[in-house]
Asker: 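Sending over a structure as structure tokens; questions will come in a sec.
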Amino acid sequence: MNPDTLQVLQKELTCSICMNYFLDPVTLDCGHSFCRSCLWLYWEGSPSPMCCPNCKHVSEKPNFKTNIQLRNMASLRRQARADSINSSEEICVAHDAANMVFCDAERNLLCWNCSDSPEHMLHNHRPTEWAAVEYREELRKRMGFLWNMAQEMQNNVKIEASKAESLKEYVALRKVMIRAEYQKIHKFLYEEERLQLDTTERESKEIYQQLEESKIRMTQQTESLREMFRELLEIFQKPDVEMLQDLGTVLERTELVRNQKPQPVNPDLTSWCCNGLLELLNKFRVDNVLSHGTISMCMNLSEDVRGMLFGNGNPNPSGEPQRVRSFATWGTHTFTFGRHYWEVDVPRNLCWVLGVCKDIIKRDTNFIIDFEEASFLFSLKLNGHYYLSTNRPLLVHHVKMPVGKIGVYLDYDKGIVSFHDAGNGSLLCSLATSSFSSPLKPFLCFEAS
């Protein structure tokens, strides 16, 4: 082949990032091709992670299929080059013959005579070219797994940081709620109040520390994954013989890294019993506040509430309220003044809404609630874990999910609605407004399973 033509061919089959022949090449939307692993590392250190390294064109998609034709051509060229420069093949000292066989059991190179010896007779042997193809594919798969796992760890670090920030704001609010709750109890409970505040502070510091340590572990795991990725990449790019010689224990170490995945921290605080509180609230107890039957209807949710309950990953482009299929029941009582307390059985392992609201507007097969005039406690499921949250304010509460009955206390004149775990007497949350101006009804709604 003409030297100039050969030089042009060699350039077309070379990755412009690593300057080696393509290994697992992918082609971007702009038409330029690169080794997949080189592109990943380039995007990792680039402020614009989806730009082409050559023309800076922004790619539309993050995942690309292997350019099989380009990979095969680069492989042929790499093999041809290896055949031309590998005149100094590794020679077996015992038989003065080239080591052209790879032993899977011991992962080393042998000559044909050694492979037939009693020591290796029962082992699986293959030509180096065949073994190189298989192990290079195995290395490529493991690099892909390590990269995806490193990206997941990086996202988990951001989630843990978000938890810490959310917990910091929530702890400040919870201190306020605890102080307000203890104002309902006699002065002799002052030390109990201080105990809970100190415990909340101590627990929050411990959880902060756990979150920080979790972020460090995940960051370290991310760096370990990247380091292992780079090590595999270095071996992956070597010629067949060198690659097979350097395999060593890298596959076993990769397997260990795969099994070392840090678990995220659950930032829930302990819910302490407020001694005597349930006895006090039961003085204002009202029974049978909810109708005995449930109605299967669609509930219209505002965009803010929909986002809190179900996340912002599926925005409603029409701007109309989101309709959610659910079962609902509301009050046989209407409250316009005074203090009232009632208990409600909430369904387990389901999302639900509990609280008070204005009269509900029913239209055929759905009902509409004015969330601006409502005080609700929500149970919602995020990443397999149930959380409590409120709509005034829109906030996730870091307390353990109650099981069974929840007590609802309404002080209409002071504009207070508080929720309690009726099983252990602990405070879940307390919502306060300046005052209520409309008649309020008890309300319970849960998702259609």
Side-chain angles (χ1 to χ4, degrees), residues 36-51 59 61-64 139-174 203-233 250-270 307-315 349 351 378-389 394-401:
R36 187 190 301 272
S37 53
C38 294
L39 194 60
W40 280 343
L41 292 177
Y42 176 85
W43 281 346
E44 178 70 12
S46 173
S48 301
M50 298 300 292
C51 284
S59 298
K61 54 184 180 179
N63 298 318
F64 302 92
L139 291 173
R140 183 188 68 80
K141 291 179 180 178
R142 297 201 178 206
M143 283 192 297
F145 175 86
L146 290 174
W147 182 263
N148 291 334
M149 192 173 177
Q151 294 299 101
E152 181 183 353
M153 287 299 103
Q154 187 174 3
N155 290 335
N156 287 342
V157 169
K158 295 179 181 178
I159 292 173
E160 296 299 89
S162 176
K163 287 181 183 179
E165 186 64 25
S166 172
L167 182 64
K168 183 178 181 180
E169 297 176 1
Y170 175 77
V171 168
L173 177 61
R174 184 157 188 81
E203 285 187 350
S204 68
K205 290 181 179 179
E206 292 175 356
I207 297 177
Y208 287 148
Q209 182 64 30
Q210 292 173 12
L211 289 169
E212 290 299 321
E213 292 174 354
S214 178
K215 289 191 294 182
I216 292 173
R217 287 195 301 271
M218 291 182 177
T219 300
Q220 291 174 343
Q221 180 73 351
T222 301
E223 291 302 317
S224 297
L225 291 168
R226 290 174 179 162
E227 184 63 29
M228 180 65 70
F229 177 86
R230 292 187 177 92
E231 182 179 352
L232 293 183
L233 175 61
V250 67
L251 298 181
E252 288 81 1
R253 288 188 288 113
T254 304
E255 196 65 30
L256 289 176
V257 172
R258 292 175 61 177
N259 296 326
Q260 295 173 351
K261 184 177 181 180
Q263 296 300 314
V265 174
N266 179 15
D268 284 351
L269 298 171
T270 299
M308 179 187 65
L309 287 175
F310 307 104
N312 297 315
N314 298 303
N349 301 326
C351 295
F378 299 87
S379 165
L380 59 150
K381 188 177 183 181
L382 298 173
N383 299 323
H385 184 74
Y386 280 90
Y387 292 88
L388 293 177
S389 64
L394 288 169
L395 180 69
V396 173
H397 293 258
H398 295 278
V399 290
K400 186 178 180 180
M401 176 65 65

Asker: Using only atom types and a distance under 3.5 Å, with no angle test, would you say the side chain of Arg226 pairs donor to acceptor with the backbone of Ala150?
Answerer: no
Asker: Using 0.5 Å steps for rounding, measure from the CG atom of Leu225 to the CD atom of Gln221.
Answerer: 4.5 Å
Asker: Would you compute the distance between atom CZ of Arg217 and atom OG1 of Thr222 and round it to the nearest 0.5 angstrom?
Answerer: 12.5 Å
Asker: What is the minimum heavy-atom distance between Lys163 and Pro264, and which atoms define it?
Answerer: NZ-CB, 3.8 Å
Asker: Strictly below 4.0 Å, N to O, side chains only: are Lys168 and Glu165 in salt-bridge contact?
Answerer: no
Asker: Test side-chain contact (heavy atoms from CB on, under 4.5 Å) on Leu233 and Leu139; report intermediate values, then the result.
Answerer: CA-CA 8 Å; Leu233 175 61; Leu139 291 173; over 6 Å; no
Asker: Could you report the tightest heavy-atom contact between Val257 and Met149, atom names first, then the distance?
Answerer: O-CE, 3.9 Å
Asker: Apply the side-chain hydrogen bond (donor to acceptor under 3.5 Å, both in side chains) test between Gln209 and each candidate in Glu212, Lys205, Glu213; give the one that qualifies.
Answerer: Glu213
Asker: If you measure from CG on Asp268 to CD on Glu203, what distance do you get to the nearest 0.5 Å?
Answerer: 10.0 Å
Asker: Would a line drawn from the ring center of His397 to the ring center of Tyr170 be shorter than 6.0 Å?
Answerer: yes
Asker: Applying side-chain contact (heavy atoms from CB on, under 4.5 Å) to Trp147 and Leu41, what does each step give before you reach the verdict?
Answerer: CA-CA 9 Å; Trp147 182 263; Leu41 292 177; 3.9 Å; yes
Asker: Between Phe229 and Trp40, how do the two ring planes meet: parallel, tilted or perpendicular, split at 30° and 60°?
Answerer: tilted
Asker: Return the CD to OG1 distance between Glu160 and Thr219, rounded to the nearest 0.5 Å.
Answerer: 10.0 Å
Asker: Is the backbone of Gln210 close enough, under 3.5 Å, to the side chain of Ser214 for a donor and an acceptor to pair up by distance?
Answerer: no
Asker: With a 4.5 Å heavy-atom cut-off, do Tyr208 and Val171 have their side chains touching?
Answerer: yes
Asker: Rounded to the nearest 0.5 Å, how far does OG of Ser204 lie from CZ of Arg174?
Answerer: 11.5 Å
Asker: Between CG of Leu146 and CD of Glu231, what distance do you get to the nearest 0.5 Å?
Answerer: 10.0 Å
Asker: Ignoring hydrogens, what is the shortest heavy-atom contact between Ser379 and Tyr386? Give both atom names and the distance.
Answerer: OG-CD2, 3.6 Å
Asker: Looking at Gln220, Lys215, Met153, which hits side-chain contact (heavy atoms from CB on, under 4.5 Å) with Pro262?
Answerer: Met153
